[in-house]
Amino acid sequence: MFVMCGIATMLQIFFGTRLPIIQSGSYIYFAVAAGIMSKTPCDDEYFMEVDGVNKSVNYDPNWHKRMAELQGNLMVASLTQIILGGFGFVGLLLKVIGPITITVLIALIGLCLTGVAAGSASQNWSISLGMVFLITLFSEYLKNVPVPLPVVSFKNFPRLTVKIQWLKLFSTLSIILSLVIMWSLCAILTATDSFPEGNAARVVNLTEKVAEANWFYFPYPGQFGTPIVTVGGFVGMFAGVIGGVIESIGDYYACAKLSGAPPPPKYVLNRGILLEGVGCFLTGLCGPGVGVTSYSENIGAIGLTKVGSRRVIFCSAILMFVIGCVGKLGVFFASMPEPIVGGMYLVMFGIISAVGISNLQFVDLTSSRNVFVIGISLYMGLVVPTWTAKTLADPATKDSLNTGSEELDQLVVVIMTSGMIIGGALACFLDNTIPGTDEERGMTSYKKATEDCSDIELSRRSTTSRVRSGCVASSRSSGNYPSSRIKVARVWNKCGSWSGGDIRSL
């Protein structure tokens, strides 16, 4: 999975939206995969004929068949995503998507993942809250505190020049510093047996697992056999693809806002969805059969670190590729205690929700119409998935969602468990059918903010900070900076993508 995510991320940052956004597996596809895998449940023991004798084996001989079905259905369903983006159908949605719909979509990205964050953090609240405390301390309270670091200059090579530079590292490295401190603390408490056996915060002994892991493994087409396509599996994956498209549209707007870029125009959305479809197809061809989409957690990290450089995301894609290919390295990163991840989720998902709410600056909040649309859409986006999950978990009520068709059941479950689909679709419908002026809905001011991002405004943004965002940051000397700023604005307006600064150097 890591290898395919790395490849999909490279495609997205170079040829897709060209925003600093990572591609990774989505919970929507995991729900579909679980439904397909459940059709042939695993047994406690398996037997295989070896030299004429049935012997017990420790793996499921039908496992490859189920994986092949996941791959085949994902490959076919991803063609729909490629068509939607390639023929420009996604861009047509911008005619009916306004700031109200965008607010609901982005806010629900974070709010719908509260269960994921709570599930990880609740395994050890002391570690999770310690992670939240350190991230808050570094990213907010110490963000303007400079740290002296020695810098080596090769300008007069072979003569080297060493000088001291004061850099604001606490803000840029807030997550990494917090991660290292809490992971080290967990290792110390594990070594001293402060954490009892079974505690999720314990750092596991990797000696045996690293020894068992392969050094290198490269995914290849057909590794699980010939891909299999079924009607039920395709319908489920198709629902996952539609949910991924809606989720990614909200992610694009959130990433652009946190990176200091204008809202993405329709051809950028089309290009992004097209490349996501290509990424899903490649994941189905060589990967585990779970589609990729924009990774919301990465967007929250941009808001914390104020680093939105595509150069950083490119290095992250290379790292994912290496981790996926080098098995022993992947085992090490997989040993990170779950409460540490939960602490990061608590902060990142909150930031994503706040970014969505910030789009209400374009909307007239004194209008009862807008308050109604926003309120009912957000609430339904939270209530319906919660009710669906409880209904499916209760054996006495799970049949209430049974339509009599297995394919339709999968489609209904995927839609009703996705708050972004429920809330986003409802907000879009109500916003476009309930009477209201463009000024009241925020369409006029939002469109003006999108189109009137002039060279002067972009120049003002780019001078705010050198490391605020890879979209607007520049490491050039001040003598060449004005012409670079104008070029940044012109390239975005013509191509729908940023160049200049860190991005241009790629």
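Using a 4.5 Å cut-off on side-chain heavy atoms (C-beta onward), L108 and L382 make contact. Using a 4.5 Å heavy-atom threshold, the side chains of I22 and C5 count as separate. The closest side-chain heavy-atom distance from L11 to L282 is below 4.5 Å. Side-chain contact between I21 and D251 is present, with heavy atoms from C-beta onward closer than 4.5 Å. Between T190 and R202, some side-chain heavy-atom pair lies under the 4.5 Å cut-off. Side chains of Q71 and L74 form no contact here, defined as non-hydrogen atoms less than 4.5 Å apart. The shortest distance between side-chain heavy atoms of L285 and M75 falls below 4.5 Å. Within the 4.5 Å cutoff, the side chain of V152 has no heavy atoms near those of the T161 side chain.
The aromatic rings of F138 and F170 sit parallel to each other, their planes meeting at less than 30°, with 60° as the upper class boundary.
For the residue pair S120 / E338, a side-chain donor-acceptor distance below 3.5 Å is found, with atom types taken as modelled. If you check the side chains of Q23 and T293, you find no donor sitting under 3.5 Å from an acceptor. Counted by atom type alone, N124 and N199 present one or more donor-acceptor pairs between their side chains at under 3.5 Å. Side-chain contact annotation: E276 with S248, donor-acceptor N/O pair under 3.5 Å present.
With hydrogens and angles ignored, the 3.5 Å screen pairs no side-chain donor or acceptor of S178 with any backbone N or O of M131.
Every residue two or more places apart in sequence or in another chain that forms a side-chain contact (heavy atoms from CB on, under 4.5 Å) with V132 is listed here: T136, L346, V347.
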